[in-house]
Amino acid sequence: MIPVVDFTTYGLELKREEVDPNTLKLLADQICDAFKDVGFVYLKHHGITKSFIDNIFSISKDFFEKPVDVKQRYARSLDVTNNHGWVALEREKLNPERPAADLKEAYNFQLVDNKQSLPLDILPDFHSVFSGFYMQCQELAYRVMDLMCMGLDINKDYFRECHHLIGKKGNPTTLRSLYYPPLTNGVKPGQVRCGEHSDYGTVTLLFQDDIGGLEVKPSNRDYVPAVPIQDTVLVNLGDLMQRWTADQLGATKHRVLIPEEELKRNQGRQSLAFFVHPDDHVMIECLDKSNKYEPISSIDYLNMRFSVTY
Ligand SMILES: O=C(O)CCC(=O)C(=O)O
Ligand SMILES: [Fe+2]
């Protein structure tokens, strides 16, 4: 259902300047076709180092297993425009129509301005592990966007230019480590691990462990599982990209349900999402000049979405 695409020809092991753009058209079309059809694609041979992925899952788990009063010291502030730090269990409801909040915790990491929320006194490697992984995700995201430009037939550097501040002040791109604790304390009626939603930004890179539970809803079809496939990254589009492409590409709804099997309910689940956003002041106007949606700045759009979630 969700296609698996081999990213070898543009994987991170290859230096960009060594890649002949003429070899990338097939890959660009495969990725854009997946975004038009299901809005999600698995990439294999993406080149993000396995030890980086293992390390960030491991240090995240160390953090999430600390007592609540310890994690509270690194909490995301109540100011909705500040997206750093720990988000407590049942703090978010990604589908506002559900009767209970999501059974998940998260740690949001941006490369800048995050000094106050870093747990360096308890986990000294936290910053180096998160920032190393962030930078690899950033490079992979740029490459996915290069291919999207090719597939959409727009200037090849257009998306890079609109995102050139990733990792710096002026761009809200966030790495989010997610933790779904074992469900030993019971589940409220209608409660899920992560409510139905589509992501807000341009693209998201998603790494999941082997527990499963993620489901995606292609248009006109019911939810289908997005099963964990070892050593792949799932890439999906966000609402802002749908708006930018005047619905030519789609942002697909997804959710994480409570596992039915007792064994899996008693296990925690982890995932990592790299949410890519354009630079704050980029004006999002329909690329096809249709004006189907009113122009809006990237940051105004994001703040509007955050104010509904929190
Ligand atoms: O944990 C997952 O697999 C999905 C999380 C997600 O969709 C999100 O945080 O936006
Ligand atoms: Fe999501």
Side-chain angles (χ1 to χ4, degrees), residues 1-2 35 38-43 53 56-57 60-61 63-64 76 83-98 101-110 130 133-134 137 141 144 172-183 191-218 223-242 249-259 264-265 267-277 301-302 305-306 308-310:
M1 168 61 41
I2 302 172
F35 287 152
V38 265
F40 273 78
V41 63
Y42 291 95
L43 302 182
I53 302 172
I56 188 167
F57 270 124
S60 298
K61 187 156 190 266
F63 176 77
F64 289 119
R76 183 188 197 276
N83 195 26
H84 305 289
W86 179 62
V87 179
L89 194 68
E90 300 184 310
R91 174 75 184 83
E92 287 179 0
K93 206 196 253 189
L94 283 185
N95 177 358
E97 287 171 15
R98 286 214 171 249
D102 296 348
L103 276 168
K104 68 168 184 311
E105 295 179 37
Y107 185 92
N108 293 343
F109 178 88
Q110 291 171 323
F130 270 70
F133 187 73
Y134 187 109
C137 287
V144 168
T173 296
T174 302
L175 170 60
R176 167 168 251 216
S177 184
L178 286 141
Y179 180 62
Y180 302 88
L183 300 163
Q191 196 167 30
V192 289
R193 281 188 151 165
C194 175
E196 294 75 5
H197 70 284
S198 42
D199 294 345
Y200 307 160
T202 43
V203 291
T204 304
L205 310 181
L206 185 75
F207 301 80
Q208 46 173 340
D209 68 11
D210 56 8
I211 299 293
L214 177 66
E215 295 187 343
V216 317
K217 191 188 176 316
Y223 277 92
V224 292
V227 291
I229 303 181
Q230 228 189 347
D231 298 330
T232 62
V233 54
L234 256 180
V235 185
N236 65 291
L237 288 191
D239 294 324
L240 195 72
M241 186 58 91
Q242 173 163 346
L249 302 182
T252 301
K253 286 220 156 101
H254 50 284
R255 65 185 181 190
V256 183
L257 294 186
I258 308 288
K264 288 199 169 168
R265 291 164 77 97
Q267 281 176 290
R269 175 176 185 270
Q270 282 185 267
S271 64
L272 296 157
F274 186 71
F275 295 110
V276 180
H277 297 273
Y301 182 81
L302 182 62
R305 296 296 300 266
F306 275 153
V308 180
T309 313
Y310 286 93

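These numbers come from the heavy atoms of this one structure, side chains and all, not from hydrogens, waters or symmetry mates. Just so you know, ligand 1 is whichever comes first in the structure, and atom 1 is the first atom listed for that ligand. All values derive from a computational prediction rather than experimental measurement.
Atoms of ligand 1 lying under 4.0 Å from at least one heavy atom of Tyr180, given by number and element, are 1 (O), 2 (C), 4 (C), 5 (C). Atoms of ligand 1 found under 4.0 Å from any heavy atom of Val256 (numbered from 1 in listed order, with element): 1 (O), 2 (C), 3 (O), 4 (C). The atoms of ligand 1 that sit less than 4.0 Å from any heavy atom of Phe275 are 8 (C), 9 (O), 10 (O). Contact atoms of ligand 1 toward His254: 7 (O) (distance under 4.0 Å to a heavy atom of the residue). Of all atoms in ligand 1, numbered sequentially from 1 with element shown, those under 4.0 Å from a heavy atom of Leu206 are 3 (O).
At a heavy-atom distance under 4.0 Å, no atom of Ala273 approaches ligand 1. Of all the heavy atoms of Lys104, none lies under 4.0 Å from any atom of ligand 1, so neither backbone nor side chain is involved.
Proximity of Leu183 to Arg193: side-chain heavy atoms (C-beta onward) are separated by under 4.5 Å at one or more points.
Distance from atom 8 (C) of ligand 1 to its nearest protein heavy atom, with residue and atom name: His197 NE2, 3.6 Å. Of the protein's non-hydrogen atoms, the one nearest atom 3 (O) of ligand 1 is Arg269 NH2, 2.9 Å.
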- Task: Step by step, work out the ring-ring contact (aromatic ring centres under 6.0 Å, His included) result for Tyr223 and His254.
- Result: CA-CA 8 Å; Tyr223 277 92; His254 50 284; 9.0 Å; no

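In the model, Asp199 has a side-chain atom that pairs as donor or acceptor with a side-chain atom of Thr204 under 3.5 Å.
Checked against the 6.0 Å centroid criterion, the rings of Tyr107 and Phe63 qualify as a close aromatic pair.
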Tell me which donor-acceptor pairs under 3.5 Å the side chains of residues 205-214 have, and how far apart each pair is, sequence neighbours excluded?
unit_1	atom_1	unit_2	atom_2	d
Gln208	OE1	Arg269	NH2	2.8
Gln208	NE2	Ala226	O	3.0
Asp209	OD1	Ile211	N	3.0
Asp209	OD2	Gln270	N	2.8

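Using modelled atom types, one side-chain atom of Gln191 and one backbone atom of Ala101 make a donor-acceptor pair closer than 3.5 Å. Listed for the Thr174 side chain is a donor-acceptor partner under 3.5 Å among the backbone atoms of Pro172. Using a distance-only test at 3.5 Å, with no hydrogens or angles considered, a donor-acceptor pair links the side chain of Thr252 to the main chain of Val38.
Below 3.5 Å of separation, one finds no N or O of Gln208 facing any N or O of ligand 1. Note: no N/O pair closer than 3.5 Å links Arg176 and ligand 1 by distance alone. Ligand 1 has an N or O atom lying under 3.5 Å from an N or O atom of Asp199, backbone or side chain.
Protein atoms of type N/O/S that fall under 2.8 Å from the Fe ion (ligand 2) number 3 in this view.
Within the structure, the closest approach of Arg193 to ligand 1 does not fall below 4.0 Å when heavy atoms are considered.
Salt bridge present: Arg305 and Asp239 bring a charged side-chain N and a carboxylate O closer than 4.0 Å. Note on Glu90 versus Arg98: no salt bridge recorded, every NZ/NE/NH1/NH2 to OD/OE distance being 4.0 Å or above.
Among residues at least two apart or in separate chains, salt bridge (charged side-chain N to carboxylate O under 4.0 Å, His left out) pairs with a member in residues 250-259 are Glu196-Arg255, Glu215-Arg255.
The side-chain contact (heavy atoms from CB on, under 4.5 Å) check on Gln242 picks up Asp247, Ala251, with sequence neighbours excluded.
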